[in-house]
Amino acid sequence: MTEDRTAQTARGSEVPEGGGGGQVPDVHGEEERLRRWRMVLGGGHADGTGYVPAGDDAAMDKALAALYGRGEGKDGRLKAGAERGAGLGGSAPSVARWLGDIRTYFPGSVVQVMQRDAIDRLGLAALLLEPEMLEAVEADVHLVGTLLSLNKAMPEETKETARAVVRKVVEELEKRLASRTRTTLTGALDRSARISRPRHHDIDWNRTIAANLRHYLPEYRTIVPERLIGYGRASQAVKKEVVLCVDQSGSMAASVVYASVFGAVLASMRSLATRLVVFDTAVVDLTDKLEDPVDVLFGTQLGGGTDINRALAYCQSRITRPADTVVVLISDLYEGGIKDEMLKRVAAMKAAGVQFVTLLALSDEGAPSYDREHAAALAALGAPAFACTPDLFPDVMAAALEKGTIPIPEGAAA
């Protein structure tokens, strides 16, 4: 079956007509290589490609030049577009047009990267305070983090638009994460409530067999169980307590977003009593806002210092059933408070029966920069610190609720 010649050309190869085995110059492939190098190098006298962008290529090149074509101004500071005659300028309309262009010519994942680079490289965060800008952006977790950091400076006419952007991201995360989280944790909670006289359909056969191996009868090749172990029946009573203690320093923005979503999901489970505490140098209990993760997020204040010891002191004071409590500290562990007191509190909680888990990050980006000395000290107390992805978090929580082995990804522990 003859393949479309356009697709062949796009790959940089041509099949000789007639199916002959002869070689022909790879003209189209060479042109495509020059085109790609030109788009990477950005033109100018030094790129050496000789390729002149036209049509969509010209539009893509202009969008890239506005963001990445930077040089130094007269004052020595980096300026947008100084090398390639472009730039985003300082007005919201020009940036909104640029955002529309990149959404036209690049896939969503690339658009999100370019938006982040624009905010970081060109100082465009302030422009996100304007409603027309927010309506043009591609919403993702990182944009939510930026909006939360601007929350206090946000004018009233922008707040509703910002909440709509944040809600869109939160709803997408809930759709992705909520169902599996509830299913995984419900199973863990039921397994943790074992009963000794179960009905037939409630018997946990794996544990029953393991507990009765000494009653194996070789002549019958079977086990006669003396003790049955069963799953607990679902009940409306609170079985476990979970405390999410979340560092809201600027570097933890994505973790704050995911923790808020998970906090709302956990709070929706009747058999769990969930508390959400966020901190920098102050401690804020957002438990009463857990019905709506958007309210939780707008109750945070990204940035500032870090006092983990103070936050843990507050969490410790709220624990009433240590043996049935899981504390999850989400922090990069750069402690501005009293290190020794922080470690003593963790040791005291663990000695009382609390399951203590330390997450260096709760995001898809892996481990951030973190305090290795503090992480090692926590590991020595039996509370290893590791980065956790949102997809792994339900399994981590399930293991903690069952007091089992925490599933730490290889290479992720401090």
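Contact between Val246 and Val256 at its shortest, heavy atoms only, is CG1-CG2, 4.0 Å. In terms of heavy atoms, Ala383 sits closest to Lys350 at CB-CD, 4.4 Å. Taking each heavy atom of Ile406 and Val357 in turn, the nearest pair found is CD1-CG2, 4.3 Å. Closest approach of Thr274 to Gly263, counting heavy atoms only: CG2-O, 4.0 Å. Residues Tyr68 and Asp117 come closest through the heavy atom pair OH-OD2, 2.6 Å. Pairing each heavy atom of Glu373 with each of Asp371, the nearest pair is N-OD1, 3.1 Å.
Shown are Val328, Leu392, Asp332; of these, the side chain to side chain contact (heavy atoms under 4.5 Å, CB included) with Leu359 is made only by Val328.
Residues Asp285 and Arg318 are not paired through a salt bridge, judged by the lack of any N-O separation under 4.0 Å between the basic side chain and the carboxylate. Under the 4.0 Å criterion applied to side-chain N and carboxylate O atoms, Asp324 and Lys239 are not assigned as salt-bridge partners. A salt bridge is absent between Arg180 and Asp391; no separation between the charged side-chain nitrogens and carboxylate oxygens falls under 4.0 Å. Lys168 and Asp140 are not joined by a salt bridge, as no carboxylate oxygen comes within less than 4.0 angstrom of a charged side-chain nitrogen. In this structure, Glu171 does not pair ionically with Lys175, as no charged nitrogen and carboxylate oxygen lie closer than 4.0 Å.
No hydrogens or angles considered: nothing links the side chains of Asn309 and Glu341 as a donor-acceptor pair under 3.5 Å. Using a 3.5 Å distance cut-off with no hydrogens or angles, the side chains of Tyr370 and Arg372 do pair a donor with an acceptor. When only modelled atom types and interatomic distance are considered, Ser249 and Asp247 share a side-chain donor-acceptor pair under 3.5 Å.
By the 4.5 Å heavy-atom criterion applied to side chains, Pro384 and Thr358 are not counted as neighbours. No side-chain heavy atom of Arg275 sits under 4.5 Å from any side-chain heavy atom of Leu244. A 4.5 Å side-chain heavy-atom check between Ser268 and Glu291 finds every atom pair outside the cut-off.
Geometrically, Arg163 engages Phe298 in a cation-pi contact, judged by NZ or CZ lying under 6.0 Å from the ring centre and within 45° of the ring axis.
More than 12 heavy atoms of other shown residues, nucleotides or ligands fall within 6.0 angstrom of atom CD1 in Ile319.
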